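Ligands are counted one by one from 1 in listed order, and the atoms in each one are counted from 1 as well. All values derive from a computational prediction rather than experimental measurement.
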Amino acid sequence: MRYLVLTDIHANLEALDACLADATTRRYGASVVLGDLVGYGADPNVVIERIQALAPVAIVRGNHDKVACGLEQAEGFNAVAKSAVYWTLDTLTPANRSWLANLPEGPTTVDDVVEICHGSPFDEDAYIFDELDAVRALKASTRPLCLFGHTHYPAAFELADGTVDSLGRSTAPEAHLPLRDGAKYLVNPGSVGQPRDGDPRAAYAIVDTDAMDVELIRLEYPIARAQSKVMKAGLPEMLAQRLSVGR
Ligand code: ZN
């Protein structure tokens with residue numbers, strides 16, 4: 001199976017549409033979504049409807065999704081995130097709010113090879129940044145490949161012969177990560193709608209479980225259009241500015 005992998009879309013419709021169009025040319029048979037569909041961006045309702053139309057075979061909720069539908073308070077959020085998430089709560093249609101509220105908590109197994117989660121397989125809200133975080137996550141993961149999001153940083157970790165290594169990150173529009181027999185992997189494709197690794201291009205992945213290969217893709221999208229929608233919506237200006245720098 002070839003899976004389209006989307007995470008941290010954050011209501012950025014322009015970035016999502018660019019990824020969907022690009023993914024169509026690469027072909028995929030099913031999709032998986034790792035949470036944070038909304039929060040920060042100006043198009044929460046349309047983004048949710050795009051994902052519903054995709055009919056992902058597996059989807060988990062993110063921390064922004066939980067607050068945006070009223071399941072949780074924005075206690076751990078900074079002022080900008082808080083104001084965006086409350087704007088989202090007001091903007092969502094009742095139907096989309098209740099759809100978000102019913103998204104499952106990760107981790108979720110997809111098949112014999114793939115498992116998905118938002119933050120980590122042991123805690124949906126935990127962040128995986130370095131090898132130390134990855135060790136615990138790799139132990140908790142029940143599949144050869146665990147896909148995660150939440151940090152908005154593309155990352156890949158490999159557990160082979162008892163050692164965990166962080167695999168180098170590429171800036172190419174497309175990079176391949178072959179999955180070796182007997183090893184375990186933890187892969188974050190990076191954020192569709194709000195990259196924070198200093199690269200403003202949208203990020204997503206395609207996982208091929210027959211070829212045992214992960215394609216990590218970066219792609220340009222109409223950033224200026226997404227920014228002007230953020231400003232028009234009255235969302236904090238910083239949320240528009242950061243899209244240009246990918247921070
Ligand atoms: Zn996020």
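Sorted by first and then second residue, the ring-ring contact (aromatic ring centres under 6.0 Å, His included) pairs involving residues 136-173 (not counting sequence neighbours) are His10-His152, His118-His150, Tyr127-His150, Phe129-Tyr153.
With a 6.0 Å radius and a threshold of 12 heavy atoms from other residues, nucleotides or ligands, Arg136 has its CZ atom at or below the threshold.
Under a hydrophobic clustering in which Ile, Leu, Val, Met, Phe, Trp and Tyr are joined whenever their side-chain heavy atoms come within less than 4.5 Å, directly or via other members, Ile9 and Leu103 fall into the same cluster.
Under a 4.5 Å side-chain heavy-atom criterion applied to ILVMFWY residues, the cluster that includes Leu145 comprises Met1, Tyr3, Val5, Val32, Leu34, Val57, Val60, Val110, Val113, Val114, Ile116, Leu147, Leu167, Leu177, Leu179, Tyr185, Val187, Val207, Met212, Val214, Leu216 as well.
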Name every donor-acceptor pair, under 3.5 Å, that has one atom in a side chain of residues 77-84 and the other anywhere in the protein, sequence neighbours excluded.
| from | atom 1 | to | atom 2 | distance (Å) |
| --- | --- | --- | --- | --- |
| Asn78 | OD1 | Val80 | N | 3.1 |
| Asn78 | OD1 | Ala81 | N | 2.8 |

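Around the Zn ion (ligand 1), the protein contributes the following N, O or S atoms at distances under 2.8 Å: Asp8 OD1, His10 NE2, Asp36 OD2, His152 NE2.
In terms of modelled atom types and a separation under 3.5 Å, the side chain of Asp90 and the main chain of Trp87 share no donor-acceptor contact.
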